[in-house]
Protein chains: 2
Amino acid sequence: MQNTEEPETVEDDDPRRMLGGFIRVQRQMANLSLRQLSAMTEISNPYLSQVERGLHEPSIRVLKSIADALNVSAEILFEQAGLISGTEKLGDEATESAIRADQRLTDPQRHALLGVYRSYVETNRSGETTRKKTTRKEA
Amino acid sequence: MQNTEEPETVEDDDPRRMLGGFIRVQRQMANLSLRQLSAMTEISNPYLSQVERGLHEPSIRVLKSIADALNVSAEILFEQAGLISGTEKLGDEATESAIRADQRLTDPQRHALLGVYRSYVETNRSGETTRKKTTRKEA
DNA sequence: ACCAATCGCTTGGCATGCCAAGCATACCCA
DNA sequence: TGGGTATGCTTGGCATGCCAAGCGATTGGT
């Protein structure tokens, strides 16, 4: 950080703050102190504090153990981290991915469910007005 | 590095190698050289090389731009990275919440799809034949 | 035979992740 | 009033992420 003074907004990187805030809220909802979460995740409490305030971008390992300890599906955390949705077409594919990865389904069931899902989407597309369909690339 | 000698097997961390290998395969399938991928991702080619060989654990930012450039949905990469291993409960929630959040579905469709999904899960629970559930646990 | 281009890889180093130790505050109970 | 314990935060430094520069091997055109 080159910010020697001025307790300004971080303004450096938004996603970090969003992610941190989200984590903090989740932790508080679970009635956990930083040290308690620290014990569960094997991550030091100061670092957790910094992550929650958006001062650091946690590594994958850290992010996963946090998600794990807070009982938040990792995908949701990644979404918050700006990984998955955002500028992507993945919003559309999220459901498909989830179904594909679902271990509670047999292969035929998976296939059937995907079929139903796609038919719904297709139906809506044909009778739809202006749907926001951002098919695009990222810089 | 606590490995003072032995330039041999990495044997240090498996998931890293798995992830790296997966990325390398994807890149080669797309017929891209390291430098080409480097240009697309804005990540240096040496570092990509190291990641692919499992010498480093890439940050979220890096992982995302790789997934992006290779046209691989980020979730799949995370799966490979051992992040989203299916703790049954979370897998369940992932699918349901994905469906619930899917904006391409109308409310009745959402409801119907959830119904179908739940009935499948229920069916499997009573059927209970071959269980191939990879119950992953980590240190 | 040579040079040019391209491949993947190694190396040195700056930037950042992450932690151990310690500080300040607030709440309790004797 | 003073000590015990809980909270979140700051700081110094080791470990790791990540990159610019450069190297040896391979291919192909002249």
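Note that the coordinates shown come from a computational prediction; the quantities given were computed from them, not determined experimentally. Each chain gets a letter, A, B and so on, in the order its sequence line appears, and its residues count up from 1.
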Side chain A:Thr95, main chain B:Ala98, donor-acceptor under 3.5 Å: yes
A:Arg17 side chain vs A:Gly54 backbone, donor-acceptor pair below 3.5 Å: no
Using atom [atom1] of [X] as one end and atom [atom2] of [N] as the other, report the distance to the nearest whole Å.
{"X": "B:Ile23", "N": "C:dG8", "atom1": "CD1", "atom2": "C1'", "value": "16 Å"}
{"X": "A:His56", "N": "D:dG13", "atom1": "NE2", "atom2": "P", "value": "16 Å"}
{"X": "B:Leu55", "N": "C:dT11", "atom1": "CG", "atom2": "P", "value": "11 Å"}
{"X": "A:Tyr47", "N": "D:dG12", "atom1": "OH", "atom2": "P", "value": "19 Å"}
{"X": "B:Gln50", "N": "C:dG13", "atom1": "CD", "atom2": "P", "value": "16 Å"}
{"X": "A:Ile60", "N": "D:dT16", "atom1": "CD1", "atom2": "P", "value": "16 Å"}
{"X": "B:Arg53", "N": "C:dT10", "atom1": "CZ", "atom2": "C1'", "value": "8 Å"}
{"X": "A:Leu34", "N": "C:dA20", "atom1": "CG", "atom2": "P", "value": "15 Å"}

Check every atom of [options] against the side chain of [X] and return the nucleotide holding the closest atom.
{"X": "A:Ile43", "options": "C:dC18, C:dT10, C:dC19", "answer": "C:dC19"}
{"X": "B:Arg24", "options": "C:dC9, D:dG17, D:dC18", "answer": "C:dC9"}
{"X": "A:Ser44", "options": "C:dA20, C:dC7, D:dC9", "answer": "C:dA20"}
{"X": "B:Pro46", "options": "C:dG22, C:dC18, D:dA20", "answer": "D:dA20"}

Pairwise 5' ranking along DNA chain D for B:Val62 and A:Arg27, keeping only the more 5' one: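 Looking at the nearest nucleotide for each, A:Arg27 comes out on the 5' side.
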Evaluation steps, side-chain contact (heavy atoms from CB on, under 4.5 Å), between B:Glu52 and B:Leu34: CA-CA 10 Å; B:Glu52 286 189 351; B:Leu34 279 175; 3.8 Å; yes
Stepwise side-chain contact (heavy atoms from CB on, under 4.5 Å) check, B:Ser59 with A:Ile60: CA-CA 6 Å; B:Ser59 74; A:Ile60 292 171; over 6 Å; no
C:dC18 phosphate, OP1 or OP2, under 4.0 Å from A:Ser59 side-chain N/O: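 Checking A:Ser59 against C:dC18: at least one side-chain N or O falls below 4.0 Å of OP1 or OP2.
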Any donor-acceptor N/O pair under 3.5 Å between D:dC9 base and A:Asn45 side chain: yes
Shortest non-hydrogen separation from A:Glu96 to A:Tyr117 and the atoms involved: CG-CE2, 3.5 Å
